[in-house]
Amino acid sequence: ASSSDPHCWGLLQITITELEARAFLQRMEPTMNLTVLLMRGEEVEVEVPASGIVADLRAAVVEKSKEEVPPACILKLINGANVLLEQWPMSKVDVSQPLYAVVAMDTNVEVLLQAAGSADAYAELFRKASVASSTEGDKAVTVGPLPTILSVLEEMTGEPVEVEHMKADAAPGMLLYDGSEGELLVPSLDTASLLAALGVEQVPRVTLSIGVNSDAVNRGLGVVIEASKLMEKNLDDEGMRMPKYVYNGCGLKADARRSAVKFHPGMHGGQLRVEGVGGWGNQNIGFLPESWSESG
């Protein structure tokens, strides 16, 4: 067609307008300007699309900082007290909390475990928490039962995740463990959704109800409670002034603030003890806790 053909000029004009519109929209796409603190003490300023994912943020940090990530290592991004997974949307990033970039030798499962505390499964339970008045007049909030850590990891990744020495039992909500070093049952939980639902700034105290049992004879069985390494308050000095009890030290670590709560299934009196700061030796609980097979 000739240039005098109005249809030709109309088509050309539409094509140019679409290209200009696309470029304009790209320039106008909302972005997030973030400051990330590196391990070496430096800060980098990065800009990423607000509609992007955490992997985009990680790539921007690596490019801007020239941070070298050795083989078998990863660059972890920590937002306040939460480890960010690369497939998460940028909307998961809390801009009111600091951002850190840490090079670490972590396996994929270890990264998942550290990030599990902000999983949607826990947040949804917090939002649905029931409130009742306690005998002391305070309000008691009940949350749970919590999903198993394996089901949380599967929800986060969209596929089953294998954790060495631990697997799901046939009974719903139960786990089987056959290791000796222990495994994570519940991560450090992000209680922001719970606090928002209750309209409070903090939870003064927490009571944990955990069911554990075994057929091991004369072997202390229990759970280890560890303070998150990302907690702002440093309790080391305060802990040094408290009494500390250690029997065999199983479950304790020199670089972690832990208390190991143990009892003895099938043993007269149960012999409850707590190892760590504020702990005590074996105490008679007043009854014989049945072992796994005896409990039916």
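What you see below is based on every heavy atom in this structure, not just the backbone, and it leaves out hydrogens, waters and symmetry mates.
- Side-chain atoms of Asp215 come within 3.5 Å of backbone N or O of Ser293 as a donor-acceptor pair.
- Contact between Cys250 and Ala260 at its shortest, heavy atoms only, is O-CB, 4.0 Å.
- For Ser151 (side chain) and Pro147 (main-chain N/O), no donor-acceptor pair under 3.5 Å exists by modelled atom type.
- Residues forming a side-chain hydrogen bond (donor to acceptor under 3.5 Å, both in side chains) with Asp169 (at least two apart in sequence, or on another chain): none.
- Within the 4.5 Å cutoff, no side-chain heavy atoms of Met166 are placed close to those of Thr148.
- With rounding to the nearest 0.5 angstrom, the CD atom of Gln283 is 16.0 Å from the CZ atom of Phe263.
- Note: Arg58 CZ to Glu63 CD = 15.0 Å, rounded to the nearest 0.5 Å.
- Using a 4.5 Å heavy-atom threshold, the side chains of Ile225 and Leu208 count as touching.
- The side-chain heavy atoms of Ile78 and Leu99, taken from C-beta on, include no pair separated by under 4.5 Å.
- Asp190 places no side-chain N or O within donor-acceptor distance of the main-chain N or O of Ala116, the cut-off being under 3.5 Å.
- Other residues, nucleotides and ligands contribute more than 12 heavy atoms inside 6.0 Å of the CZ atom of Arg127.
- In terms of heavy-atom proximity, Val274 sits nearest to Ser259 at CG1-CB, 4.3 Å.
- Here the shortest heavy-atom pairing between Pro265 and Ser214 reads CB-O, 3.8 Å.
- Going from atom CG of Leu184 over to atom CD of Glu226 covers 9.0 Å, rounded to the nearest 0.5 Å.
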Full working for side chain to side chain contact (heavy atoms under 4.5 Å, CB included) between Val152 and Leu150: CA-CA 5 Å; Val152 170; Leu150 293 183; over 6 Å; no
Verdict with supporting geometry, Leu77 and Val83, side chain to side chain contact (heavy atoms under 4.5 Å, CB included): CA-CA 6 Å; Leu77 294 176; Val83 175; over 6 Å; no
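- No chain of hydrophobic side-chain contacts below 4.5 Å, direct or via other Ile, Leu, Val, Met, Phe, Trp or Tyr residues, connects Val277 to Val224.
- Glu124 CD: more than 12 foreign heavy atoms inside a 6.0 Å radius.
- Ala129 approaches Leu194 most closely through the heavy-atom pair CB-CD1, 3.8 Å.
- For the residue pair Asp94/Asn79, the side-chain donor-acceptor check at 3.5 Å is not satisfied.
- A single hydrophobic cluster is seen to contain both Val212 and Phe287, as judged by linkage of ILVMFWY side chains at heavy-atom distances under 4.5 Å, directly or through other members.
- Note on Met39 and Leu84: same hydrophobic cluster, where clusters join Ile, Leu, Val, Met, Phe, Trp and Tyr whose side-chain heavy atoms are under 4.5 Å apart, directly or indirectly.
- Across every non-hydrogen atom of Asp56 and Val48, the tightest pair is O-CG1, 3.9 Å.
- Of the listed residues (Val161, Leu175, Val163), just one forms a side-chain contact (heavy atoms from CB on, under 4.5 Å) with Ile149, and that residue is Leu175.
- Side chain of His165 to backbone of Tyr177: no donor-acceptor contact under 3.5 angstrom is found.
- A salt bridge is defined here as a Lys NZ or Arg NE, NH1 or NH2 lying under 4.0 Å from an Asp or Glu carboxylate O, and Lys92 with Asp120 meets this definition.
- In the hydrophobic clustering of ILVMFWY residues, with side-chain heavy atoms under 4.5 Å counting as a link, Val206 and Phe126 come out together.
- Under the 3.5 Å distance criterion, with hydrogens and angles disregarded, no donor-acceptor pair is assigned to the side chains of Thr35 and Glu43.
- Nearest heavy atoms, Val61 versus Ser65: O-OG, 2.5 Å.
- Here the side chain of Lys64 pairs a donor or acceptor atom with the backbone of Glu45 at under 3.5 angstrom.
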Candidate pair Val95 and Met32, rule side chain to side chain contact (heavy atoms under 4.5 Å, CB included), full reasoning: CA-CA 9 Å; Val95 295; Met32 299 175 68; 3.6 Å; yes
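- Taken to the nearest 0.5 Å, the CD atom of Gln271 stands 10.0 Å off from the CG atom of Leu288.
- A side-chain donor-acceptor contact under 3.5 Å links Ser291 and Glu294.
- Residues Leu75 and Val102 have side chains not in contact (no heavy-atom distance under 4.5 Å, counting atoms from C-beta outward).
- Hydrophobic clustering (ILVMFWY, side-chain heavy atoms < 4.5 Å, transitive): Val261 and Leu252 are in distinct clusters.
- Side-chain atoms of Tyr100 never come within 3.5 Å of backbone atoms of Leu38 as a donor-acceptor pair (strictly under, hydrogens ignored).
- Residues Tyr122 and Leu146 are in side-chain contact: their nearest non-hydrogen atoms beyond the backbone lie under 4.5 Å apart.
- Interatomic distance, Met156 CE to Leu85 CG, rounded to the nearest 0.5 Å: 4.0 Å.
- Rounded to the nearest 0.5 angstrom, Arg273 CZ and Tyr245 OH are separated by 6.0 Å.
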Evaluation steps, side chain to side chain contact (heavy atoms under 4.5 Å, CB included), between Asn218 and His264: CA-CA 6 Å; Asn218 196 22; His264 298 73; 4.1 Å; yes
Stepwise salt bridge (charged side-chain N to carboxylate O under 4.0 Å, His left out) test for Glu275 and Lys262: CA-CA 8 Å; Glu275 296 190 42; Lys262 308 174 184 179; 2.9 Å; yes
